Amino acid sequence: MSGPSPGLLQAARAVAVRDAQLVWRRRGDALQPAMFAVLVIVLFALALGGEARLLAKVASAVLWLAVLLAGLLSLESLFRADAEDGTLEQWMLAPVPLGWLVLIRTAMHWATTTLPLLVATPLLAELLHLPHAELPILLASLALGTPLLSLIGAVVAALTVGMKRSGILVSLLALPLYVPVLVFGAGSVAAAAQGLDSSGALYLLGAGLVAGLLLAPLAAAAALRIALN
Amino acid sequence: MSGPSPGLLQAARAVAVRDAQLVWRRRGDALQPAMFAVLVIVLFALALGGEARLLAKVASAVLWLAVLLAGLLSLESLFRADAEDGTLEQWMLAPVPLGWLVLIRTAMHWATTTLPLLVATPLLAELLHLPHAELPILLASLALGTPLLSLIGAVVAALTVGMKRSGILVSLLALPLYVPVLVFGAGSVAAAAQGLDSSGALYLLGAGLVAGLLLAPLAAAAALRIALN
Amino acid sequence: MPDSDSARPPLLEAHGLCFTRDDEPVFGPLDLSVDTGEALLVQGDNGAGKTTLLRVLAGLLRADHGRVRIDGREATPVERAGVIGYLGHLPGLKADLSTLENLEHLAGVQGRRRGQLPAQALEAVGLAGYEDALVRHLSAGQRKRLGLARLWLSPAPLWLLDEPYANLDLGGIELVNRMIQAHLRLGGGVLLTTHGAYAEPPVRTRLLHLGRGT
Amino acid sequence: MPDSDSARPPLLEAHGLCFTRDDEPVFGPLDLSVDTGEALLVQGDNGAGKTTLLRVLAGLLRADHGRVRIDGREATPVERAGVIGYLGHLPGLKADLSTLENLEHLAGVQGRRRGQLPAQALEAVGLAGYEDALVRHLSAGQRKRLGLARLWLSPAPLWLLDEPYANLDLGGIELVNRMIQAHLRLGGGVLLTTHGAYAEPPVRTRLLHLGRGT
Amino acid sequence: MNPLVRWFHQLGSPPTFDRFAARWAKWGYALGLLAMVIGVLWALNVLARLPSPLGGMFNVPADYQQGDSFRILYIHVPAAWMSMAVFGLMAIYAAIALVWRIKLCEILAMACAPIGAAFTLITLVTGSIWGKPMWGTWWDWDPRLTTELILLFLYLGVIGIYGAIDDRRIAARAASFLAIVGVVLLPIIRYSVVWWNSLHQGQTIRLLGGSSMDPSMIPPLVWMLVGTKLWFAGALLTRARADNLRRETGKAWVRQLAGSAR
Ligand code: HEM
Ligand SMILES: Nc1ncnc2c1ncn2[C@@H]1O[C@H](COP(=O)(O)OP(=O)(O)OP(=O)(O)O)[C@@H](O)[C@H]1O
Ligand SMILES: Nc1ncnc2c1ncn2[C@@H]1O[C@H](COP(=O)(O)OP(=O)(O)OP(=O)(O)O)[C@@H](O)[C@H]1O
Ligand SMILES: [Mg+2]
Ligand SMILES: [Mg+2]
């Protein structure tokens, strides 16, 4: 009876198509993280009283922080819905490795929540008077760093998915793990601002991303099995 | 049959005692907003690369933002639990005005989530190298501003309490309302830093607080009745 | 007020009550009244609108048409306050507080029946000895009993009970019936819903049958 | 593989299975086996541990002691993959997707029975015409049917069904029985739980009664 | 079976562990306290001033750069080492708990967290106090200081997860998982002074020769090191015993114990 069991690619397609359909059905939700980052940036500019010179100096740090916080807040939505309606159970019983499905899900989550923010970054950088020369470095560091943040976040989200009210605990757990990414990401832009070579930090981020791609899905899958026990 | 109906003070005592008991039972949760603020501050300092001079300049803005974000994230817990277990229904049927109970609940929420943060502010200010002369102004502005934030937040939390996954929506609704508070709060410290008189901004915050104390509970009570319909 | 003289207006009275949700009628124009010393039993299938009706009467939902009078006066929130004791699907209990702490909180907010103390109410519903147990550790039936204790403690003369018999064993059903009888004897009124016909109170009862679109 | 020769090891076999939660035993040492072409009916009261047992067998929970063998081999996650079709209390459906989209997602992840298409499965469970309806707008019974369609579509030979009759009307109960019969005829095995005795499949059935601490 | 695992299995029955912990916890506390008192008195030159013929042997000279303020080292360094060692130990217990599902190891790992957090806090506080005279600031965003602060957050995260899940065993497993993931931080703390240029002092102390510190400064440090280890053992056993009892509430042997205590 047992028919053709799905290949990795077919399973990936199924998850990706579903996520795309869901995002399309609830378009408004997908933009919320980006809106949040924009608001943090605006609030910060307001709190500083809009002093352009000071803003320019801290712009890259604020942008990184805003992107990171927005990602953090959207972590909650990474696995929770799938856990609550039982989709994760069905994934666990599927003949493809859970880690692979988790990887696809995380990639789609990044693409729908963080990617819009990356696209908006040049505009936000302008708001904060970021020197134009630093923009390419900032974009490169975000492009390498934010997927890594999502991967790390996936592990934490998986661990806390069984809790009823995880709220701030997710942030508390994720932030220490985010620190190295932030240090190298924001550090690369700061180095560029001082005329130093920033490629070292970017290489490190790239290496971290590769390691994250290999390890994080496995760790997240293990954490999901623990949390949903 | 109808026995002594409770006075305002008695009802307030009942709510306050209950909240204190609940916080005591889940001590860990109560400290989470403070932890979050600390983490935001740490992350910001790291993103800036720990440059003491630059940090000192933006310290008050960052502190205000961190406190505001922590308060924002804890808004979720203001009414949700009471709505989900039916306590709010019982409050609505009580012979004391719902607005009064909401006011007490909000005050207790502020005291258990934001007050610890105020106590920790001197320490956090030290982490950010805030000039010592600005600390009293910062504390005064926070002491006047954060209760106002809580009151405004209560209205937003009440409006969204009926939704299943309000997450970022609460932030989006609350942040625009928070802007004036932030501008005057952080502005007062900035004025002090430039040697200007900051009492004007503080008076305004005080006036806002009085207005909030009078109006916000009524608005929140009305919002609760609408949201739980 | 043990005397229920016929000159008094009914405790609860509704005329032409309609409720629609999303433009779908949930229940049609409905007339009902509950006198002091009387129980009104609302019956109907799953989804017939029983819970909705009770919430409308309690003022937790707003009717589209029709009027509700309590003690002969238009039922405004102020008029309702302290008159209605509502036991719904949600227990209104905090899982992290003990049974006694929960009762004290609710009695503090809603008031107490003269001469009744929380500990006595606990005893009345068979929870003596559980004063310090956290609600988190109670079984479903015990939670229901705690909700009944809260109701017993409240000074409200008009009880609106949504499926009070659910989750209870035979002893519990017996307890609900005894509580209703005692409450009616003290001059209260009761409106209760029930699913099937597995239990109803042995008192002067009127019946309201709710069907789809009634 | 319609032949179920006796030399074959049973589809599912468990020996001395124990599960404790928070150090409280949920069910005691338990032996069971399900052959191809056979249904095992697990009965027990509320809270007896039926759901827990099914989840342990599916590998969603880890037993404390005992071993589970599938097709004669130790049941590792790899061994289980693709062999077990599980229908639990949670439907695994997205409210914002249509019925067909939901089926396509799950078939993409879990594979399909040879020669079956999602649209055919929908028809088989009586949901023809609902291909584009969002799950959000389905009634509880229709959702249950969609879950059955998912199961019918999956290539797994061993079905673990947790209260498949709940929420279904008479036609639905009939449908479940027909599906089970067809599945057994195709050489599959079924383990199902049920509450009371209101329905059981008209096939070769063994019975396992679960009580507290058994 | 792995001998370590076998040993844990033997000790692992809750009543056996309870007896073991009840017997040895007080010794850990007592001996630890004794060693720490000796260490502190020695470090503060109290022993040297005692009228005894050996007095000179106990003399710890003031640092030629830092004067007497260096003496806070005797709290700072042992606490710093413990903050990392406890995390390592917690991760080991956690790994055993996850792989072999030994309940005792779950309990021990979770008992490590608050103690380690306390040592971390002591390190941070004493370091800050020391930093004011040395660097002119309480705090700086230096790699070692920052990583140590993050270590504190990790400890709090472990405690937080353990508290947030109702089922004790699942909670312990989830928290154990975090403890294992967090181990990557330990080498970063240790080598941060080497990898990045840092305000904080590099590796200066070696207990066995080759130290760039005056040899007379070493012995009190050794006493403090031994003392903190023993104290930790006492605290670990006490906390684990309490958790063990809490989990076993209602079991016959606990009731018997409570009865005999009464
Ligand atoms: C808040 C501030 C500080 C923190 C968080 C901190 C943290 C640490 C840590 C984690 C270690 C253990 C490192 C290891 O074993 O590899 C350590 C060791 C040490 N610290 Fe600090 N420290 C602080 C301030 C200071 C200050 C101000 C001084 C004195 C100038 C100091 C002097 C030392 C010394 C001498 C060691 C022993 C180094 C060795 O291993 O040889 N620390 N500190
Ligand atoms: N929040 C809601 N939003 C939309 N529809 C609802 C909501 N609550 C109830 N309904 C619908 O309104 C109708 C009446 O529901 P109600 O809960 O009053 O029924 P009931 O008679 O109490 O049923 P039961 O016996 O199951 O408790 C049902 O068709 C139900 O699906
Ligand atoms: N997540 C959980 N945490 C703690 N206890 C649980 C959990 N899930 C179930 N239990 C308890 O385990 C026991 C067995 O539960 P289980 O769900 O297996 O029962 P069941 O036989 O399926 O009952 P039902 O017929 O109501 O579905 C019950 O006493 C229940 O209270
Ligand atoms: Mg109902
Ligand atoms: Mg069940």
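Protein chains get the first letters and strands the later ones, always in sequence-line order, with residue 1 at the start of each. Remember, predicted model here, so these are calculated numbers, not experimental data.
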Proximity breakdown for B:Leu63 and chain A, heavy-atom pairs closer than 4.5 Å: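 When you check distances to chain A, no heavy atom of B:Leu63 falls under 4.5 Å.
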
Given a strict heavy-atom distance threshold of 4.5 Å, which part of A:Leu54 is in contact with chain B: side chain, backbone, both, or neither?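 Just the side chain, heavy atoms under 4.5 Å.
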
Using non-hydrogen atoms only, which part of A:Leu65 is less than 4.5 Å away from chain B: side chain, backbone, both, or neither?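 For A:Leu65, the contact with chain B is made by the side chain alone.
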
Of the listed residues (B:Val62, B:Leu43, B:Val40), which shares the most heavy-atom pairs with chain A below a 4.5 Å separation?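 Result: the option with the highest number of such pairs is B:Leu43.
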
Partner chain A: residue of B:Leu46, B:Leu68, B:Val42 with the largest heavy-atom pair count (under 4.5 Å):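 Going by pairs under 4.5 Å, I would pick B:Leu46.
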
Minimum side-chain heavy-atom gap [X]-[Y] below 4.5 Å:
X        : Y        : result
A:Leu209 : A:Leu151 : yes
B:Ser198 : B:Val189 : no
A:Pro33  : A:Leu73  : no

Chain B contacts, top residue of A:Gly187, A:Gly185, A:Ala61, A:Ser60 (heavy-atom pairs, under 4.5 Å):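 With the most close heavy-atom pairs to chain B, the winner is A:Ala61.
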
Would you call A:Asp82-A:Arg18 a salt bridge at under 4.0 Å N-O?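 A:Arg18 and A:Asp82: salt-bridged.
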
Would you find a donor on one side and an acceptor on the other, under 3.5 Å apart, between the side chain of B:His109 and the backbone of B:Ser74?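 Yes, the answer is positive, given that a donor and an acceptor are paired below the 3.5 Å cut-off.
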
